Protein chains: 2
Amino acid sequence: MIRVLIADDHDLLREGLEQALGAVPDIQVLGTASSGKDLMDRLEEVTPDVIMVDVDMPEMTGLDALRQLKDRPPAIVVTMHESPVVLDQAVEAGAVGFLSKSTPLPRLAAAMRAAAAGEGFIDADYDLTDHMEPVLDPGAAALTARERELLSLLATGVSSTHELADKLFISQKTVKNHLASIYDKLAVSDRAQAAVEAIRLGL
Amino acid sequence: MIRVLIADDHDLLREGLEQALGAVPDIQVLGTASSGKDLMDRLEEVTPDVIMVDVDMPEMTGLDALRQLKDRPPAIVVTMHESPVVLDQAVEAGAVGFLSKSTPLPRLAAAMRAAAAGEGFIDADYDLTDHMEPVLDPGAAALTARERELLSLLATGVSSTHELADKLFISQKTVKNHLASIYDKLAVSDRAQAAVEAIRLGL
DNA sequence: AAAAATCTGGTGCTTCCGACCCATGGAGGC
DNA sequence: GCCTCCATGGGTCGGAAGCACCAGATTTTT
């Protein structure tokens, strides 16, 4: 019997999955969490064999929670952002599995069994090649920490050089330099496109 | 017994919901669809009492499917975009119910019962007031057809005045005029912010 | 220890964008 | 008929953004 914990901010998905996974013979849902913080709290109370974590959650991202958690059960990251960039970030955050939300449920169950057995499970079902060429360029998507920070701000609507510089405590020129290298890496040419990409990549 | 059809592109949500709703005594899941087109096809085969439709789906948007369907069962729109603009569009597309994906499952069941009984059901649980003031401004979010068209392009990464003008077959000056009025209505000041808003609003 | 990458900042230049002014023709409401 | 809104287009102008190239300090990697 594999004991799992589910972290997703959408009640409909969470409650639905709880029910559906509970119907699988060798899987038992120990509990659920609706945010990264919530997940961390729950892991103090229960110790599941596997945790399923959504990337996009309020309060704290699923990936952020994984990064902060030491000595936690193997984690399977589930997201609607089917992008190699998010996959990279998930792996970097210590995930052993990566699945799209469009993955059929049996596949999730299989991933959980694999994770519980100490194996990895990366979903290769969805097609990453059609709209991801620029990002797939070797090393291209490797945004630095500062670049990600800036891009995240951009994705939340902070668009002017001035504001960005203020929030990051750096000069406007440095903002422009970071932006230029972001444009280069994401294969875009202005802030609007960069913001669209950033959101699409789930930042 | 209320017979429902579920349209959502995420297998995990769809299969989970199917299972969970099937466990509700007075609800029976007749079938599922994974896109707007799929939904239209399924409605040729079965005639549920209520349909649950996700907004964001590949191939064809849930709202587009609703607009094209004549003589269909009452529809409950479910989305992760908790915004009055999306709500407006859902109502305009003929939805009788509107729910966030963060809504608890019993509430979805209640909405389905209400819809089957010929009543409406608008979710008022989530907080629209904290980050939506500008858009809530009376009439402010009332983008015109052309403005929406332009904004959609912007949200897909078409950012330069030149490209926008080409794709819409209008002069660059008209593009700028439309943009200016979009900025006004969305309370933003440049394309990057407009793009972020557009995506957040689910365009 | 050496090399590479990152973060920080600079100059100069050109292009683009956003703000504000306006006008015309058509569709729809009163 | 009149008035408002919408879509289309024009012009100007200051400031912002993007581009190219450069460079020192620190960190990370090799």
Side-chain angles (χ1 to χ4, degrees), chain A residues 67 85 88-89 91-93 134-135 137-198 203, chain B residues 85 88-89 92 134 137-198 203:
Chain A
R67 289 194 190 94
V85 177
D88 278 354
Q89 292 181 352
V91 171
E92 173 260 322
V135 184
D137 207 69
L143 294 174
T144 68
R146 205 60 166 155
E147 286 163 2
R148 265 200 305 276
E149 208 173 338
L150 200 160
L151 196 53
S152 297
L153 277 176
L154 194 57
T156 61
V158 182
S159 59
S160 75
T161 308
H162 181 74
E163 271 186 298
L164 288 167
D166 276 3
K167 302 226 173 196
L168 294 174
F169 303 106
I170 53 181
S171 81
Q172 298 196 11
K173 192 57 199 69
T174 304
V175 169
K176 290 178 144 201
N177 285 338
H178 284 318
L179 279 173
S181 83
I182 289 173
Y183 298 161
D184 198 36
K185 291 178 179 176
L186 295 185
V188 298
S189 54
D190 58 44
R191 308 171 187 222
Q193 291 178 359
V196 171
E197 270 301 297
L203 299 183
Chain B
V85 177
D88 278 353
Q89 292 182 351
E92 173 260 323
D137 207 67
L143 294 175
T144 68
R146 206 58 166 156
E147 286 162 1
R148 264 200 305 277
E149 210 172 336
L150 201 160
L151 196 51
S152 297
L153 278 176
L154 194 57
T156 61
V158 183
S159 60
S160 75
T161 308
H162 180 74
E163 269 186 300
L164 287 168
D166 276 3
K167 302 228 171 191
L168 293 174
F169 302 106
I170 54 182
S171 81
Q172 299 194 9
K173 192 59 195 66
T174 305
V175 168
K176 290 179 143 203
N177 285 339
H178 285 317
L179 278 173
S181 83
I182 289 173
Y183 297 161
D184 198 35
K185 291 177 180 176
L186 294 185
V188 297
S189 55
D190 59 42
R191 311 172 184 217
Q193 291 178 359
V196 171
E197 270 302 296
L203 300 182

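Order of the sequence lines sets the chain letters (A, B, ...), proteins ahead of strands, with each chain counted from 1. Since we're looking at a predicted model, the values are computed, not measured.
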Taken to the nearest 0.5 Å, the spacing of B/Ser171 OG from B/Asn177 CG works out to 7.5 Å
Is the backbone N or O of B/Gly157 less than 3.5 Å from a side-chain atom of A/Gln193, with the two atoms forming a donor-acceptor pair by type?
yes
For a 4.5 angstrom cut-off between non-hydrogen side-chain atoms, does B/Ile170 reach B/Arg146?
yes
Summarise how protein sits on nucleotides 4-13 of chain D as a single string, 5' to 3': B when a protein heavy atom is under 4.0 Å from the base, S for sugar-phosphate-only contact, - for no contact.
--SSBBBB--
So do B/Thr144 and B/Lys185 actually touch side chain to side chain, heavy atoms under 4.5 Å?
yes
With heavy atoms under 4.0 Å as the rule, sort A/Ser181 into base, sugar-phosphate or nothing.
nothing
If you count every heavy atom of other residues, nucleotides or ligands that lies below 6.0 Å from A/Lys173 atom NZ, does the total exceed 12?
yes
Separation between CG (A/Asp166) and CD (A/Gln172), nearest 0.5 Å, reads 7.5 Å
B/Leu150 side, atom CG; B/Lys167 side, atom NZ - distance, nearest 0.5 Å
12.0 Å
The reported gap from CG in A/Leu179 to CG in A/Asp184 (rounded to nearest 0.5 angstrom) is 12.5 Å
Show the distances under 3.5 angstrom between N or O atoms of the protein and N or O atoms of nucleotides 27-30 of chain D.
none

What's the separation between atom CG in B/Leu154 and atom CD1 in B/Ile182, rounded to the nearest 0.5 Å?
7.5 Å
Protein-nucleotide distance (A/Ile182, atom CD1; D/dC19, atom P), rounded to Å
13 Å
Using a distance-only test with no angle check, is there a side-chain donor-acceptor pair under 3.5 angstrom linking A/Thr161 and A/Arg191?
yes
Distance in angstrom units between A/Leu179 CG and D/dC19 C1', rounded
13 Å
Whole-Å gap separating C1' (D/dA16) and CZ (A/Arg191)
8 Å
Hey, where on DNA chain C does chain B first and last touch, going 5' to 3'? Cut-off is any atom under 4.0 Å from a heavy atom.
C/dC17 to C/dA19
Can you measure A/Asp184 atom CG to D/dG18 atom P for me and round it to whole angstrom units?
14 Å
Flag the pair B/Glu147 / B/Leu186 as yes when at least one side-chain heavy-atom distance between them is below 4.5 Å, and no otherwise.
no
